[in-house]
Every structure is written in structure tokens, then in C-alpha cells.
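Below you'll find the structure, written out as C-alpha cells, and then a few comments.
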Amino acid sequence: MNKLIMIAAVGKNGELGYKNGLIWHIKEDMKFFKEKTINHHVLMGKNTFLSLPKLLPLRTHLVLSKSAKENDFPKEVILLRSIDEFYEFAKNINDDVYVIGGANVYKEMINDADLMYLTEIDEVFNDADAYFPFYNYDDYERVIIKENKDNNPKYKHVLYKKKDR
């Protein structure tokens with residue numbers, strides 16, 4: 001694996017989702033997600049996979065789940081049972097892997113992320129039931145890629161690069 005990259009849209013309090021769905025549906029952010037993840041591996045939990053309307057075109061789907069069965073997914077999906085199994089699999093790929101959710105997968109992988117692309121949305125969603133995990137801001141360099149102040153909600157595409165230690 002080249003780099004492990006998190007990608008997510010988060011509210012002011014780290015809100016990610018509600019009832020296994022996205023909170024915000026921002027056309028420009030969906031385009032940003034596609035541009036970043038296309039032609040790469042995407043790693044997700046079972047519920048995130050089940051929330052997708054269909055397989056994401058031109059991406060290799062990796063699902064991390066202890067409880068799922070192979071026949072729960074289309075044949076194109078690679079089922080991995082543990083973080084260790086993921087890293088064993090990742091040794092043999094020459095590609096970036098994008099972690100696309102859900103909250104538990106983000107939490108398990110956050111300390112290993114080389115980069116994070118976060119769409120920071122300038123709103124609070126009080127009913128959220130899934131949150132992006134805490135991370136040490138001092139471990140990352142923060143670079144604003146694009147700022148959108150014209151549309152509602154206002155948001156920023158931000159790249160977090162892990163600092164060398």
C-alpha cells in the first residue's frame with residue numbers, strides 16, 4: 001500500500017451520519033470524493049457498503065467486517081475480517097487506500113492515516129448518531145484546498161498531512 005487516506009465530510013462537532021446515511025448531500029463534495037477515490041481501493045465497514053446505492057465505479061471495494069459472509073456482497077467486493085487481515089492484504093497492493101467510513105472503521109484506522117481529506121462543514125447536526133473520531137491536530141499539517149462561502153452549507157475541503165516525527 002502506498003498511503004492510507006481518510007476521506008469524510010464532517011460537521012462542526014465531527015458529525016458524519018444519521019441512521020446509516022450521510023447528513024449532507026453537497027454536489028461539489030460528491031464530485032470531490034469521486035475525483036479523489038476513483039481508480040483506487042476504498043475501505044469501508046459493512047454498513048457503509050450497504051448504504052451505497054450501488055458499487056462505486058472504477059474503485060476496488062474492500063469491506064471490513066467480522067460478522068459478514070462472503071455471499072452478503074457482490075463478487076467484486078473483497079471481504080476482510082480484521083485490521084490485521086487488511087494490512088496483510090494491503091502489503092500486496094501498489095495503490096493508495098481510501099477509508100470512506102463508517103465511524104468505527106475511521107476510529108480503528110485514524111492513527112495510521114498518512115493523509116485525511118476532510119470536508120469541514122460549517123454547521124451542526126444535533127441528531128447525528130455517527131461521528132468522526134478524535135485525532136491529535138498537532139500530528140498534522142492543515143492545508144485548505146478550497147473554501148466555499150457562497151452556498152449553504154458553507155464548507156472547506158481540507159487536507160491534513162501527517163507530520164514527520
Side-chain angles (χ1 to χ4, degrees), residues 1-24 29-30 32-52 55-56 58-70 72-74 76-121 125 128-143 145 155-165:
M1 171 175 58
N2 296 339
K3 288 186 171 71
L4 184 68
I5 304 168
M6 304 264 174
I7 189 165
V10 297
K12 279 185 160 185
N13 297 321
E15 306 95 316
L16 279 173
Y18 177 66
K19 294 186 178 180
N20 203 38
L22 297 174
I23 297 170
W24 295 279
D29 188 48
M30 296 295 184
F32 179 79
F33 174 87
K34 181 179 179 181
E35 288 171 358
K36 293 296 175 195
T37 61
I38 203 147
N39 296 317
H40 293 292
H41 288 70
V42 289
L43 176 67
M44 69 204 85
K46 176 180 147 185
N47 288 337
T48 297
F49 178 81
L50 294 174
S51 74
L52 299 175
L55 287 172
L56 301 172
L58 301 174
R59 280 156 271 200
T60 303
H61 294 68
L62 310 174
V63 174
L64 188 61
S65 175
K66 292 177 180 120
S67 63
K69 297 173 183 65
E70 295 284 341
D72 289 344
F73 305 103
E76 297 89 350
V77 172
I78 299 166
L79 178 60
L80 303 163
R81 302 269 178 213
S82 67
I83 298 292
D84 289 341
E85 189 176 334
F86 162 73
Y87 281 114
E88 193 59 38
F89 173 84
K91 282 182 193 176
N92 300 314
I93 59 172
N94 185 23
D95 188 20
D96 294 334
V97 176
Y98 282 80
V99 179
I100 67 168
N104 289 334
V105 177
Y106 287 130
K107 185 177 179 182
E108 287 191 56
M109 309 297 284
I110 190 84
N111 292 326
D112 297 332
D114 299 298
L115 302 170
M116 295 188 292
Y117 286 104
L118 298 182
T119 301
E120 297 177 346
I121 298 166
F125 187 79
D129 57 11
Y131 294 84
F132 197 79
F134 170 81
Y135 56 95
N136 187 345
Y137 294 95
D138 294 336
D139 290 347
Y140 294 88
E141 175 189 344
R142 183 176 187 262
V143 178
I145 299 168
Y155 65 89
K156 294 175 186 145
H157 287 137
V158 181
L159 170 62
Y160 287 87
K161 294 189 232 180
K162 190 169 267 183
K163 294 177 184 174
D164 293 332
R165 296 179 187 180

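Just so you know, these numbers come straight off a predicted model, no measurement behind them.
Atom NZ of Lys12 sits about 11.5 Å away from atom CD of Glu120, to the nearest 0.5 Å. Atom CE in Met44 sits 3.5 Å away from atom CD1 in Ile100 (nearest 0.5 Å). Taking CG of Leu79 as the start and CD of Glu70 as the end, the distance is 5.0 Å to the nearest 0.5 Å. Atom CD1 of Ile7 is separated from atom CG of Leu115 by 10.5 Å, given to the nearest 0.5 angstrom. In this structure, the separation between OH on Tyr98 and NE2 on His41 is 13.0 Å, given to the nearest 0.5 Å. In this structure, OG in Ser67 is found 8.0 Å from CZ in Arg81, a value given to the nearest 0.5 Å.
Under the 3.5 Å distance criterion, with hydrogens and angles disregarded, a donor-acceptor pair is assigned to the side chains of Asp112 and Tyr87. Using modelled atom types and a 3.5 Å distance limit, the side chains of His40 and Asp96 yield no donor-acceptor pair.
Residues Arg142 and Tyr160 come closest through the heavy atom pair NE-OH, 3.0 Å. Among all heavy-atom pairs drawn from Ala9 and Asp29, the shortest one is CB-OD2, 3.6 Å. Shown here for Val158 and Ile145, the closest heavy-atom pair between the two residues is C-CD1, 4.2 Å. When every heavy atom of Thr48 is checked against every heavy atom of Gly101, the shortest pair comes out as OG1-C, 3.2 Å. Residues Phe73 and Val77 share a closest heavy-atom pair of CB-CB, 3.8 Å. Scanning all heavy atoms of the two residues, the minimum distance from Lys46 to Ala68 falls at CD-CB, 3.8 Å.
In this structure, Lys66 contributes its side chain and Leu80 its backbone to no donor-acceptor pair below 3.5 Å. Here the side chain of Glu141 pairs no donor or acceptor atom with the backbone of Lys161 at under 3.5 angstrom. At distances below 3.5 Å, at least one donor-acceptor pair connects side-chain atoms of His61 with backbone N or O atoms of Leu56. With hydrogens and angles disregarded, a donor-acceptor distance shorter than 3.5 Å links the side chain of Thr37 to the backbone of Phe33. Side-chain atoms of Asp114 do not come within 3.5 Å of backbone N or O of Ile5 as any donor-acceptor pair. Here the side chain of Tyr18 pairs no donor or acceptor atom with the backbone of Glu15 at under 3.5 angstrom.
With sequence neighbours left out, Asn47 forms a side chain to side chain contact (heavy atoms under 4.5 Å, CB included) with Asn20, Leu50. In this view, Lys34 and Ile38, Arg59 satisfy the side chain to side chain contact (heavy atoms under 4.5 Å, CB included) rule, not counting sequence neighbours.
Counting heavy atoms from C-beta on, the side chains of Trp24 and Tyr155 never come closer than 4.5 Å. The side-chain heavy atoms of Val99 and Leu4, taken from C-beta on, include a pair separated by under 4.5 Å. Counting heavy atoms from C-beta on, the side chains of Lys163 and Asp139 never come closer than 4.5 Å. Here the side chains of Val10 and Leu16 are in contact, with some heavy-atom distance below 4.5 Å.
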Run the side-chain contact (heavy atoms from CB on, under 4.5 Å) check on Leu62 and Leu64 step by step: do they pass?
CA-CA 7 Å; Leu62 310 174; Leu64 188 61; over 6 Å; no

Given Phe86 and Val97, is the side-chain contact (heavy atoms from CB on, under 4.5 Å) satisfied, shown in steps?
CA-CA 11 Å; Phe86 162 73; Val97 176; 4.0 Å; yes

Stepwise side-chain contact (heavy atoms from CB on, under 4.5 Å) check, Met109 with Met6
CA-CA 9 Å; Met109 309 297 284; Met6 304 264 174; 3.5 Å; yes

Would Phe49 and Leu55 count as a side-chain contact (heavy atoms from CB on, under 4.5 Å) here? Give the steps.
CA-CA 8 Å; Phe49 178 81; Leu55 287 172; 3.6 Å; yes

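Ring geometry for Tyr106 versus Phe132: interplanar angle of 30 to 60°, hence tilted. Ring orientation note: the planes of Tyr137 and Tyr135 are tilted relative to one another, at an angle of 30° to 60°.
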